[in-house]
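To start, the structure itself, in structure tokens.
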Amino acid sequence: MEAETAHQRTDLTQLNLAVEQIRESIGHIIVGQKDTIDFLIAGILADGHLLLEGVPGVAKTLSAKLIAKSIDAVFSRIQFTPDLMPSDVLGTSVFDPRTASFEYRKGPVFGNIILIDEINRAPAKTQSALFEVMEERQITVDGHTYPMDEPFMVLATQNPVEHEGTYRLPEAQLDRFLFKIEIKYPTLEEEIIILSRQHQHKLEDELKDIKAVLSIDQIKTCRALIKALHVEPKLIEYAAKIVHETRNNKSLYLGASPRASLALINGAKAIAAMQGRDFVTPEDIIKVAAPVLAHRIMLSPDKEMEGLTPADIVAQIIQKIEIPR
């Protein structure tokens with residue numbers, strides 16, 4: 001503990017105050033789902049894209065909108081449908097007869113926080129249009145490159161059980177999401193609270209009360225603080241071992257990429273900072289392991305037949321590798 005205390009050099013007071021304000025304001029609307037809210041906040045702080053997965057009616061879109069509303073930035077929403085074209089997302093060049101030249105009209109992807117609802121409903125051609133912008137924060141149209149304004153992040157939702165009219169996300173696109181956050185059903189007690197609030201018409205009033213907590217400059221400052229967090233070499237090795245094990249696990253057909261190793265460390269840094277620490281612990285890495293890795297790995301057919309999930313295999317890998325102390 002003395003060694004850890006000696007590393008505390010970064011003042012995280014303002015960051016922690018902002019995190020608590022976001023938690024409190026969203027907690028008035030979203031009942032339960034504490035891990036979901038924390039991972040959403042961590043994703044913003046770690047400068048990553050987020051994929052929210054859950055059945056209809058569990059507040060995927062509402063959660064994303066509330067997070068976006070907590071930030072004083074340009075918000076844009078795109079509803080993905082099977083007939084959506086890449087130009088509907090990125091924009092297109094339009095001929096201007098007055099100047100006898102083509103003028104580029106920016107699409108809805110130009111913003112700071114982009115909510116993509118039902119991302120798996122668009123065909124592969126449209127999904128692939130997001131590859132460049134998600135990784136390089138820019139788009140190229142007609143030979144011209146247009147950079148995104150910072151901060152830039154994609155919040156996407158998808159339904160895991162409905163398959164009619166949906167398209168599976170390419171592995172290369174899934175790999176670009178920092179976390180996949182699974183939103184589960186509320187407990188009986190939580191659902192009673194939800195019904196009571198709706199019956200008393202409190203939800204509409206509380207939605208109006210959501211105020212922006214973080215400005216764009218504050219987000220940039222928070223991200224710089226998080227990048228400066230201390231990570232022991234043995235924890236970097238621990239994260240690398242977890243990811244490396246996914247590539248040599250007999251239960252997996254596809255392991256995680258080096259991008260997953262970076263996501264493990266960056267996600268763990270954000271979780272540590274949210275808890276007021278400027279150093280990462282093994283527990284931080286373990287906490288983000290499933291949201292970081294589960295969507296990046298593929299089960300072998302026999303394990304899939306057994307009913308196992310990628311999160312189960314991640315848990316097995318965590319149990320297998322010795323935790324550094």
Side-chain angles (χ1 to χ4, degrees), residues 39-40 43-44 47-56 60-61 63-65 67-68 74-93 104-149 151-183 253-260 262-263 291-299 310:
F39 283 130
L40 283 168
I44 292 171
D47 193 12
H49 307 297
L50 306 175
L51 178 62
L52 283 74
E53 184 177 88
V55 298
K60 298 186 300 295
T61 304
S63 299
K65 286 172 67 177
I67 281 290
V74 178
F75 173 69
S76 181
R77 177 175 176 175
I78 311 171
Q79 186 71 47
F80 268 29
T81 57
D83 61 346
L84 198 72
M85 299 297 291
S87 58
D88 297 326
V89 177
L90 304 180
T92 187
S93 296
Y104 177 63
R105 302 280 177 85
K106 292 181 177 180
V109 77
F110 283 87
N112 298 120
I113 300 177
I114 314 300
L115 170 58
I116 299 178
D117 221 357
E118 301 286 354
I119 190 172
N120 56 338
R121 287 201 172 277
K125 185 177 182 180
T126 302
Q127 290 176 1
S128 64
L130 296 171
F131 280 23
E132 181 183 11
V133 72
M134 288 180 68
E135 179 62 22
E136 301 175 43
R137 313 296 170 96
Q138 66 179 34
I139 65 167
T140 304
V141 179
D142 296 334
H144 296 282
T145 299
Y146 302 90
M148 298 290 118
D149 291 331
F152 174 80
M153 70 179 300
V154 171
L155 296 175
T157 71
Q158 73 172 8
N159 179 351
V161 295
E162 189 174 3
H163 301 295
E164 187 174 346
T166 64
Y167 302 83
R168 192 178 186 280
L169 296 187
E171 296 303 324
Q173 186 175 1
L174 285 171
D175 198 33
R176 284 164 166 78
F177 286 102
L178 176 72
F179 297 145
K180 184 177 84 168
I181 305 169
E182 294 188 11
I183 303 182
Y253 171 73
L254 176 70
S257 70
R259 191 186 279 132
L262 295 170
V292 165
L293 296 174
H295 62 290
R296 289 180 160 95
I297 58 180
M298 289 180 64
L299 293 174

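Applying the 6.0 Å contact sphere to CZ of F131 captures more than 12 heavy atoms from other residues, nucleotides or ligands. For K180, the NZ atom counts as densely surrounded, since its 6.0 Å shell holds more than 12 non-hydrogen atoms of other residues, nucleotides or ligands.
Remark: side-chain polar atoms of E132 are not paired, donor with acceptor, to backbone N or O of R137 under 3.5 angstrom. Checking side-chain atoms of H295 against main-chain N and O of P291 turns up a donor-acceptor pair under 3.5 Å. Not one N or O on the side chain of R296 forms a donor-acceptor pair closer than 3.5 Å with the backbone of L174. Between the side chain of D175 and the main chain of A172, no donor-acceptor pair closer than 3.5 Å is present. Checked by atom type and distance alone, the side chain of T126 pairs as donor or acceptor with a backbone atom of L84 at under 3.5 Å. Proximity of a side-chain donor or acceptor of H49 to a complementary backbone N or O of V154 within less than 3.5 Å is detected. Looking at S76, its side chain does come within 3.5 Å of a backbone N or O of P108 through a donor-acceptor pair.
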| request: Carefully, step by step, assess I297 and L254 under the rule side-chain contact (heavy atoms from CB on, under 4.5 Å). | output: CA-CA 5 Å; I297 58 180; L254 176 70; 5.9 Å; no
| field | Steps toward side-chain contact (heavy atoms from CB on, under 4.5 Å) verdict (E136, M148) | value | CA-CA 9 Å; E136 301 175 43; M148 298 290 118; over 6 Å; no
| task | Apply side-chain contact (heavy atoms from CB on, under 4.5 Å) to the pair T145 and I139, showing each step before the final yes or no. | result | CA-CA 6 Å; T145 299; I139 65 167; over 6 Å; no
| field | Chi angles and distances behind the side-chain contact (heavy atoms from CB on, under 4.5 Å) call for L130, V89 | value | CA-CA 8 Å; L130 296 171; V89 177; 4.1 Å; yes
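The line from CZ of F80 to CZ of R121 is 13.0 Å long, rounded to the nearest 0.5 Å. The CD1 atom of I67 sits 8.5 Å away from the CG atom of L50 when rounded to the nearest 0.5 Å.
Applying the ring-ring contact (aromatic ring centres under 6.0 Å, His included) criterion to Y146, with sequence neighbours excluded, gives Y104. Residues that satisfy the salt bridge (charged side-chain N to carboxylate O under 4.0 Å, His left out) test with D117, not counting sequence neighbours, are R77.
Side-chain polar atoms of Q158 and E118 form no donor-acceptor pair below 3.5 angstrom.
Contact between Q173 and I119 at its shortest, heavy atoms only, is NE2-CD1, 3.4 Å. The minimum heavy-atom distance linking S93 with V141 is given by the pair OG-CG1, 4.4 Å. Across F179 and G43, no two heavy atoms sit closer than the pair CE1-N, 4.0 Å. Taking both residues in full, the closest heavy atoms of N112 and D149 are given as ND2-O, 3.7 Å, listed atom of the first, atom of the second, then distance. Smallest separation of non-hydrogen atoms from I183 and S63: CD1-OG, 4.5 Å. F152 approaches I114 most closely through the heavy-atom pair CE1-CG1, 3.6 Å.
A salt bridge links R259 with E135: the distance from a Lys NZ or Arg NE/NH1/NH2 to an Asp or Glu carboxylate oxygen falls below 4.0 Å.
For the pairing with L51, the side-chain contact (heavy atoms from CB on, under 4.5 Å) check across L169, T157, L178, I181 returns one residue only, L169.
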